[in-house]
Every structure is written in structure tokens, then in C-alpha cells.
Amino acid sequence: MTIRIASLTKGGIAALLMAVTPEGTRADDRLDFEVTGAVVASCGLADQRIRIDLGSVAYGDLGRVGAASPWRRAAFSGVDCVGATRAAVTLRARPYPPDPRLLQPEGTARGVAIEMRTGAGESIVPDGKTPVGFSWPGGAPQLAFEARYVRTGDVGAGDATATAVVEITWE
């Protein structure tokens with residue numbers, strides 16, 4: 001049998017509390033806790049910024065609405081990857097209002113938008129929510145991206161650039 005004695009003092013009056021419980025059990029002293037967490041794949045990047053140079057595109061190369069310049073490519077290279085064989089990537093950029101699958105360029109050019117895709121040819125929506133997948137069988141990953149101009153209306157000469165934020169979740 002276990003006897004627990006505690007005293008409480010209030011206003012100079014002492015009270016004595018005795019609790020008697022069956023042998024082997026304890027009253028009111030059980031604590032529960034939970035440990036949570038996860039071990040996740042990780043990977044670093046050789047560069048924090050890549051640039052895709054679309055070059056100069058002649059009017060003749062964009063002869064009609066919907067015509068596009070050649071795809072140009074750049075890639076993020078993974079380093080110090082542990083347990084990562086896949087990545088889910090989102091792209092956040094200013095969308096082209098008539099077609100939110102395209103990026104709205106900044107600059108003085110008119111009548112073009114920018115289309116993005118993975119190096120494997122999967123379209124990338126610049127909404128910051130829709131992930132595209134990359135995978136590699138082993139070794140350091142290459143997260144390749146491609147971009148091109150797409151004619152959307154009457155073309156006017158000038159610069160047409162865009163900036164996007166890429167978020168990567170390693171798996």
C-alpha cells in the first residue's frame with residue numbers, strides 16, 4: 001500500500017491530505033508526452049541564382065501570334081545531397097494576365113510573354129502553388145529550366161525580362 005501525504009497552508013491553517021492507493025499504482029502522477037519530428041532528405045545548391053539568356057529575337061522569328069523563340073536552358077546544380085532523389089519545385093512570378101501559364105515580362109518590348117518549362121519539357125505555371133517534379137537516379141541533381149518568348153500580339157522592340165522565385169522541396 002502507498003500512502004501520499006501533502007500539506008497545504010492557507011491563512012495559517014494547515015490541512016493534511018492522505019491518499020491511500022493499492023500497492024503498485026500511483027494516483028495523479030502519470031505524465032504523457034509525445035515526441036514528434038522527421039528525418040528529411042536534404043540538398044544544397046551550387047548557385048542561388050541562375051540566368052536564362054533568351055538573346056535577341058528578330059521580328060521574323062515571331063511571325064504570328066503564338067509563334068515562339070527557341071528554348072534556352074539553365075540549371076541549378078545540387079551539392080551535398082543526402083537521401084534526396086526527387087524534388088518538388090514551384091515557381092512564383094508575375095503572370096501574364098490574359099494567359100496565367102505565361103510570365104509577364106518587364107521592359108519596353110510589347111506583344112510577347114515568357115513561357116517556362118522543366119528541362120524534361122513539363123510546363124511550369126508561375127503561381128507559386130503548382131509543383132513540378134524532378135528526379136534523378138543517383139549522384140548530384142540537375143534542376144534544368146527552359147524559357148522562351150511567345151508572341152501574344154503586335155510586337156514592339158525592346159527589352160523583355162522576368163524574375164521568378166523558385167521554391168524547392170527535397171524528397
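As a basis for the values below, the full set of heavy atoms in this structure was taken, side chains included, without hydrogen atoms, waters or symmetry mates.
Every side-chain hydrogen bond (donor to acceptor under 3.5 Å, both in side chains) that E115 has, sequence neighbours left out, goes to R148. Every residue two or more places apart in sequence or in another chain that forms a side chain to side chain contact (heavy atoms under 4.5 Å, CB included) with A120 is listed here: T118. With sequence neighbours excluded, the residues that form a side chain to side chain contact (heavy atoms under 4.5 Å, CB included) with S77 are A46, Q142. Partners of T85 under the side-chain hydrogen bond (donor to acceptor under 3.5 Å, both in side chains) rule, at least two apart in sequence or in another chain, do not exist in this structure. Legend: residues meeting side chain to side chain contact (heavy atoms under 4.5 Å, CB included) with D99, ordered by chain and number and at least two apart, are Y96, R101, L102. Checked against side-chain hydrogen bond (donor to acceptor under 3.5 Å, both in side chains), R94 has no partners two or more places apart in sequence or in another chain. In terms of the side-chain hydrogen bond (donor to acceptor under 3.5 Å, both in side chains) criterion, R72 has no residue partners (sequence neighbours excluded).
Nearest heavy-atom pair across A75 and A144 is CB-CA, 3.7 Å.
Side-chain heavy-atom separations under 4.5 angstrom define the hydrophobic clusters, and V82 shares its cluster with no other residue. Cluster note: V165 groups with no other residue, as no ILVMFWY side-chain heavy atom lies under 4.5 Å from it. Listed by chain and number, the hydrophobic cluster partners of L54 are L45, I50, I52, V57, L62, F76, V89, L91, L103, V112, I114, M116, I124, V132, F134, W136, L143, F145, Y149, V166, I168, W170, where partners are ILVMFWY side chains within reach of under 4.5 Å, directly or through others.
For residues 49-69, no pair satisfies side-chain hydrogen bond (donor to acceptor under 3.5 Å, both in side chains), with sequence neighbours left out. Annotation: salt bridge (Lys or Arg N to Asp or Glu O under 4.0 Å) contacts involving residues 121-144, sequence neighbours excluded, are absent.
Distance check, rounded to the nearest 0.5 Å: CD of Q104 to OG1 of T152 gives 8.0 Å. One finds the SG atom of C43 at 12.0 Å from the CD atom of E171 (value rounded to the nearest 0.5 Å).
In this structure, the side chain of R151 engages the main chain of G63 through a donor-acceptor pair within 3.5 Å. Panel note: side chain R86, backbone G133; no donor-acceptor pair is recorded below 3.5 Å.
C81 has its side chain within reach of P141: a pair of non-hydrogen atoms, C-beta onward, lies under 4.5 Å apart.
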